[in-house]
J.: 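Here it is: the structure, laid out below.
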Amino acid sequence: MVTVSADLVARDPRLVGPDLLGLVLRQGTRAGRIIEVEAYCGTEDPAAHTYRGRTVRNSTMYGRAGLLYVYRSYGLHWCANVVCGVEGEGVAVLLRALRPLEGIEEMRVARGLGRRATAPPLTDRDLCRGPGRLTQALGIGGQHDGADLLAADRDVHLLDDGWRPESIEQGTRVGISVATDRPWRWWVAGSPWTSRPG
DNA sequence: GGTAAGATCAGC
DNA sequence: CTGATCTTACCA
């Protein structure tokens, strides 16, 4: 397990996105492998939070590459992004699904909070499949917005254990209503851990 | 000042 | 399909 270099993320998010597949996101004792991502491309991307300029919420997305941009989605869920490009550009890659690797019991507890007693038991596939689910599973929230993912001594960081996908598939992004034609979503081909069937 | 629309998810 | 619930944009 080694940390990820700044060179990997200090590029166009459409290049960084597929290169993040296979890397490990760790938060405390919980970790998962990145299976599915989407690129958000700043002023040229109407679906990006930074398309209309800086706000209180999106300021981290303008920071230097390798920071974690965490925002609240629909007032309820947290979504985690890896800031890319150069400082001030406002581009990032959204993490959409992980394969759980470590701390799976902790993830199960975190994901079970607030569920009805009658709800069916959570399978491993239910833990990190979707951007809101993976942050809940790892315990990532607003307090991690702006964290440095490239420093191994931090609570939350990116690691490379050498694993690489055999092949990668590409398609359009999920859950947006503008710029729906841009093929800026990538996932590990054939993986059962994606947020929706490939 | 009010309102609508989200980079979502769970439950019916 | 709907409701939950926070942030922002846009209009009055």
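So that the names make sense, note that chain A is the first sequence line, chain B the second, and so on, each numbered from 1.
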J.: For the CD atom on Glu166(A), are there more than 12 heavy atoms of other groups (residues, nucleotides or ligands in this structure) within a distance under 6.0 Å?
T.: no
J.: Nearest of dA7(B), dC12(B), dG6(B) to any side-chain atom of Tyr71(A)?
T.: dA7(B)
J.: Quick one, give me the B/S/- string for nucleotides 7-12 of chain C, reading 5' to 3', where B means a protein heavy atom under 4.0 Å from the base and S means that only happens at the primed atoms, P, OP1 or OP2.
T.: SSSS--
J.: If you look at every strand shown and take non-hydrogen atoms under 4.0 Å, does Arg133(A) touch a base, only sugar-phosphate, or nothing?
T.: sugar-phosphate
J.: Could you check how far CD of Gln136(A) sits from P of dC9(B), rounded to whole Å?
T.: 10 Å
J.: Should the pair Arg173(A)-Asp45(A) be classified as a salt bridge under the 4.0 Å nitrogen-to-oxygen rule?
T.: yes
J.: Regarding Glu36(A) and Thr194(A), is there a side-chain donor-to-acceptor distance under 3.5 Å anywhere?
T.: no
J.: When the P atoms of dA12(C) and dA5(B) are considered, how many whole Å apart are they?
T.: 15 Å
J.: Can you tell me how far P of dA7(B) sits from CD of Glu36(A), to the nearest Å?
T.: 16 Å
J.: Are Tyr71(A) and His49(A) close enough, and set up right, to give a ring pair (Phe, Tyr, Trp, His ring centres under 6.0 Å), and what steps lead you there?
T.: CA-CA 10 Å; Tyr71(A) 71 90; His49(A) 288 165; 4.4 Å; yes
J.: Quick one: do Arg54(A) and Glu89(A) make a salt bridge, cutoff under 4.0 Å?
T.: no
J.: Any donor-acceptor pair, under 3.5 Å, between the side chain of Tyr74(A) and the base of dA4(C), if you only look at N and O atoms?
T.: no
J.: Under the criteria of a ring-centre distance below 5.5 Å and an interplanar angle below 30°, is Tyr40(A) stacked with the base of dA7(B)?
T.: yes
J.: Could you verify whether a donor N or O on one side chain and an acceptor N or O on the other, from Glu38(A) and Trp184(A), lie under 3.5 Å apart?
T.: no
J.: Salt bridge or not between Asp124(A) and Arg108(A)? Use side-chain N to carboxylate O under 4.0 Å.
T.: yes
J.: Would you check if there is a donor-acceptor pair between the side chains of Glu102(A) and Thr29(A) at a distance under 3.5 Å?
T.: no
J.: Please state how far atom CG in Leu113(A) lies from atom P in dA10(B), giving the value in whole angstrom units.
T.: 12 Å
J.: I need the CD-C1' distance between Glu38(A) and dG6(B), as an integer number of Å.
T.: 14 Å
J.: Could you provide the dot-bracket string of DNA chain B, using ( ) for intrastrand pairs, [ ] for crossing pairs and | for bases paired to another strand, with Watson-Crick or G-U pairs below 3.5 Å?
T.: ||||||.||||.
J.: Any luck finding a side-chain donor-acceptor pair between Thr60(A) and Asp145(A) under 3.5 Å?
T.: yes
J.: Check whether Asn58(A) reaches the backbone of Gly53(A) with its side chain - one donor and one acceptor, N or O, closer than 3.5 Å.
T.: yes
J.: Looking at Ser73(A), I'd like to know whether one of its side-chain N or O atoms comes within less than 4.0 Å of OP1 or OP2 on dC6(C).
T.: no
J.: OP1 or OP2 of dC12(B) versus the side-chain N and O atoms of Arg116(A): is any pair under 4.0 Å?
T.: yes
J.: Quick check: on DNA chain B, is the nucleotide nearest Asp126(A) upstream (toward 5') of the one nearest Ala48(A), or the reverse? Name the residue that is more 5'.
T.: Ala48(A)
J.: Is there a residue in residues 75-112 of chain A whose heavy atoms reach under 4.0 Å of DNA chain C, and which residues are they?
T.: Gly75(A), Leu76(A)
J.: Can you tell me if CZ on Arg64(A) sees more than 12 non-hydrogen neighbours from other groups inside 6.0 Å?
T.: no
